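Beneath this line is the structure, given in structure tokens, with notes to follow.
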2 protein chains.
Amino acid sequence: MTDVLPGRLLRPQAKVLPEDARRHNRALVLQTLLRAEGLSRADLARETGLTRVTVSDLVAELIAERLVRELGQREDARPGKPATLLDVDRSGHQMVGIDLSDHAVFRAAVLDLDGTILSRHEAPLDGATGEEALDRVGRLAERALAAADAPVLGVGVGTPGVVGPDGLVHTAPNLGWSGVPLQELLALRLGVPVIVANDANVSALAEHGFGEAGGDLMVVTIGAGVGSGLILSGALVRGARFAAGEIGQVMVGTDGGLDVEYDRGKTVEAWLSVPSLEERIRAAGDTGRAEVLRRAGQRLGVALAPVVGALNLGEVVLSGPPELLDGDLAEAALETIRRRTMSDTSDALILRRTTLGRDIVLLGAAVLVLSGRLGVS
Amino acid sequence: MTDVLPGRLLRPQAKVLPEDARRHNRALVLQTLLRAEGLSRADLARETGLTRVTVSDLVAELIAERLVRELGQREDARPGKPATLLDVDRSGHQMVGIDLSDHAVFRAAVLDLDGTILSRHEAPLDGATGEEALDRVGRLAERALAAADAPVLGVGVGTPGVVGPDGLVHTAPNLGWSGVPLQELLALRLGVPVIVANDANVSALAEHGFGEAGGDLMVVTIGAGVGSGLILSGALVRGARFAAGEIGQVMVGTDGGLDVEYDRGKTVEAWLSVPSLEERIRAAGDTGRAEVLRRAGQRLGVALAPVVGALNLGEVVLSGPPELLDGDLAEAALETIRRRTMSDTSDALILRRTTLGRDIVLLGAAVLVLSGRLGVS
DNA sequence: TTTGTTCGTAAGGTTTACTAACAAACTATG
DNA sequence: CATAGTTTGTTAGTAAACCTTACGAACAAA
């Protein structure tokens, strides 16, 4: 057979069977129900465009799987047969989210289908790396799984480092991991579906799934390092080498001229990571604090402006310590982006801090499960 | 009925019917055939994963529509019944591409299904704007349509300016257009399906469809202005306000410090547009030419580095005059991106000039038609 | 009580792609 | 040269998925 031209047909471009269509429609119904509770079958039909018959069929399937349940009849006084209200069976299944982004402690949580945290679990890192760190993740996951009191849909993991599509951690320097098939290892150990992705990318999923963001957004996480996650048209951008989001390593500004070599001291991370910010604030004292934050925000703005311009981004969400990010830093960042891009582009730009707080990675890990297992969000 | 939460369910998230699945599979077959000619039905079945029966059915449909034809039997000496080879019926349909990106002349072409240009047509602009420019586009399109000697699948248009998804030109300053429903007007006038998109975006489609690019790439077009188009996972990025690609208007560098106001003279366009480059080369003389180009390339690199880092872009393609782009400029741009991003990110980065030459927009307009009408590419 | 509305389901039809089986047409081989 | 094996493309039948049409149940309003 003739070879397909190299490079051209890169995307797997798969066939689509009717059953794929059904999976899609099933997810559509579930998603609609997840976002707006208190709908009847007829409501779902109107909302999704499917017929009442089809919706009934899909709902029956979902009820049989304990993903949806009937709430009883609608109370409003309206003409016609009263509607039977439906809702996602929030106690029917649970999920486990794991956050490996902190440098000192691994966090886990058992979550509801709608992202309510039911129990929390932690494991100190104690500087563990490699196999030892891996084992601690496994034990933490087992503890969380044991705490769940409903069938667990899956385990989602947000880890630092570059993560391939099959949950292979290519490199995670902090944890001393390199080429660790984390997803596979955990799935084997836990006997439950596991999905692993980069922590900053997962944060973007959280903001998209549980936050108030639209279909296009960028999340910038500011912690020990600086990472980012990008969602365009509702889908996560993974990058050519699965390293999308590594904006922390990009140099910012041309103060030293155009010919300078790569300099870790001039990267986004050098300007904005929490340790670096805190150190400079300490050095500057109370009076200099605002100025340090303002300058850092400006640097962030300089780095983001080309991205905002090229993608026509509508929303940038910051994640990190509120006492550092809110106020001067965020204001300076937004103002700098505005100043450096065409007004048409940035007038409508929203830059804000996440509403999800410190649980953003845990929630994102849950979205990973929702999306991987139910096709939702 | 309960309202869907605002902002959450922004994407239209449509139902999928079995017939949508069929359309997809039909396009898949056509695409496979378009990319690698000389396949039999059985080959197509193996390639697509569909069964021979299904492929036969789809192919029969495509043959009936004169999109595919039988070439005769395969000549190789192999056991078994000889295969009937198929090919896209390249003379069965044609397309019209229109390029409005030049400031002095509108270009049109009649193209084959595989992008071969059959005839060219031009119309001088003579500084026309508004209604007059619109009319010239219409007349040019009519001339091209008249030159076609097979059913025309559609007319694709690449225009400068911000273009909405339905071919509404929000703003195109050069042409004096603002809120012009170009796609609708042309479709009405021509009686043929018309698809309109931004010229730089369309160039990215061309590179993706007819060039040698992978699924993720950015095209930067350098002409009277500087624009860009971005394709991620095979899909065009449109942006929150449909203004994706407006990287020309982004300020680059922090030579003037962080507090400076927006300054047109410090934008990518100011550094890299052809008029600006030519003027500075004239001023610098033969000896200074290399330096001017090198500096411009560095500026481009500074602007692109954050984009490459955030998206983990694998390929950047430049489009514009070879005598300016090749050599110093491209080398400096690549080197600057490498210097300003993490090596993991940019080691694998490819930066090259387009292989499609000046016809890139015409070809992109054709891809617009192929993709809009046949779901291909 | 009558009329009209709304809900959910049942029955039947259409579309889609699958599996199984087969005739046609070739090569390979004893 | 005859037979066996292989490959192609088609026919026939089946399963899945959604649709349209129709209907009973349950309510409000006149």
Side-chain angles (χ1 to χ4, degrees), chain A residues 1-2 13-30 32-33 38-65 68-87 375, chain B residues 1-2 14-30 32-33 38-64 68-87 375:
Chain A
M1 226 236 9
T2 336
Q13 197 54 325
K15 62 177 172 177
V16 171
L17 303 183
E19 72 184 86
D20 296 314
R22 186 171 178 87
R23 232 197 320 280
H24 176 99
N25 290 336
R26 205 187 90 121
L28 177 59
V29 165
L30 194 56
T32 308
L33 214 43
L39 297 182
S40 68
R41 291 171 175 82
D43 292 331
L44 282 170
R46 276 185 291 266
E47 189 78 15
T48 59
L50 296 162
T51 60
R52 290 202 305 271
V53 180
T54 304
V55 168
S56 278
D57 197 41
L58 290 168
V59 166
E61 197 178 298
L62 291 168
I63 288 178
E65 292 180 35
V68 166
R69 65 196 182 97
E70 295 192 336
L71 291 179
Q73 296 198 339
R74 173 176 281 153
E75 297 295 333
D76 344 11
R78 293 198 301 185
K81 179 179 170 180
T84 313
L85 295 184
L86 301 169
D87 193 16
Chain B
M1 225 235 7
T2 336
K15 61 176 173 178
V16 171
L17 303 183
E19 73 184 86
D20 298 314
R22 185 172 179 89
R23 231 199 319 279
H24 176 99
N25 290 336
R26 204 186 91 121
L28 178 58
V29 165
L30 195 57
T32 309
L33 214 43
L39 296 181
S40 68
R41 291 171 176 82
D43 292 332
L44 282 170
R46 278 184 290 266
E47 187 78 14
T48 59
L50 296 163
T51 61
R52 291 201 305 272
V53 181
T54 304
V55 168
S56 277
D57 196 43
L58 291 168
V59 166
E61 195 180 299
L62 291 168
I63 288 178
V68 166
R69 65 196 180 94
E70 296 192 334
L71 292 178
Q73 296 199 337
R74 174 176 281 155
E75 297 295 332
D76 341 14
R78 290 198 301 186
K81 178 179 170 180
T84 313
L85 295 184
L86 302 169
D87 193 16

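Everything numeric in this text was worked out from a predicted model, so none of it was measured. Sequence lines set the chain letters: A, B, ... in the order given, protein chains first and strands last, and positions in each chain run from 1.
Shown are L85(A), I63(A), D87(A); of these, the side chain to side chain contact (heavy atoms under 4.5 Å, CB included) with E70(A) is made only by I63(A).
When the salt bridge (Lys or Arg N to Asp or Glu O under 4.0 Å) test is applied to E65(A), the partners found at least two apart in sequence or on another chain are R26(A).
In this entry the distance linking CG of L85(B) with P of dG9(D) reads 8 Å, nearest Å. The CG atom of L86(B) sits 12 Å away from the C1' atom of dT8(D) (whole-angstrom rounding). Taking atom CZ of R74(A) as the reference point, atom P of dG8(C) lies 8 Å away to the nearest angstrom. Straight-line distance from the CG atom of D20(A) to the P atom of dA17(D): 10 Å, rounded to whole Å. Between the CD atom of E70(A) and the C1' atom of dG8(C) there is a distance of 10 Å, given to the nearest Å. Across the protein-nucleic acid pair, R23(A) atom CZ and dA16(D) atom P stand 14 Å apart, rounded to whole Å. The separation between L39(B) atom CG and dG9(D) atom P is 11 Å, rounded to whole Å. As a whole-Å value, the separation of R22(B) CZ from dC18(D) C1' is 15 Å.
Looking at L44(B) and L33(B), their side chains come closer than 4.5 Å, going by heavy atoms from C-beta outward. Side chains of R22(B) and D57(B) form a contact here, defined as non-hydrogen atoms less than 4.5 Å apart. Side-chain atoms of D43(B) and R74(B), non-hydrogen and from C-beta on, do get closer than 4.5 Å to each other. Taking 4.5 Å as the limit, every side-chain heavy atom of L86(B) sits out of range of all side-chain heavy atoms of L62(B).
Contact check, K15(B) against dA17(D): no side-chain N or O comes under 4.0 Å of OP1 or OP2. A sub-4.0 Å separation between OP1 or OP2 of dT15(C) and a side-chain N or O of R26(B) is absent.
Each of T84(B) and N25(A) lies near DNA chain D, and the nucleotide nearest T84(B) is the one positioned closer to the 5' end. With DNA chain D read from its 5' end, the first of the two nearest nucleotides for R41(B) and L17(B) is the one closest to R41(B).
To the nearest 0.5 angstrom, E47(A) atom CD is 11.0 Å from S40(A) atom OG.
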Letter by letter from the 5' end, nucleotides 19-30 of chain C scores (B base, S sugar-phosphate only, - none; protein heavy atoms under 4.0 Å) BB---BBBS---
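Across dT8(D), dC18(D), dG8(C), the shortest atom-to-atom separation from the side chain of P18(B) is found for dC18(D).
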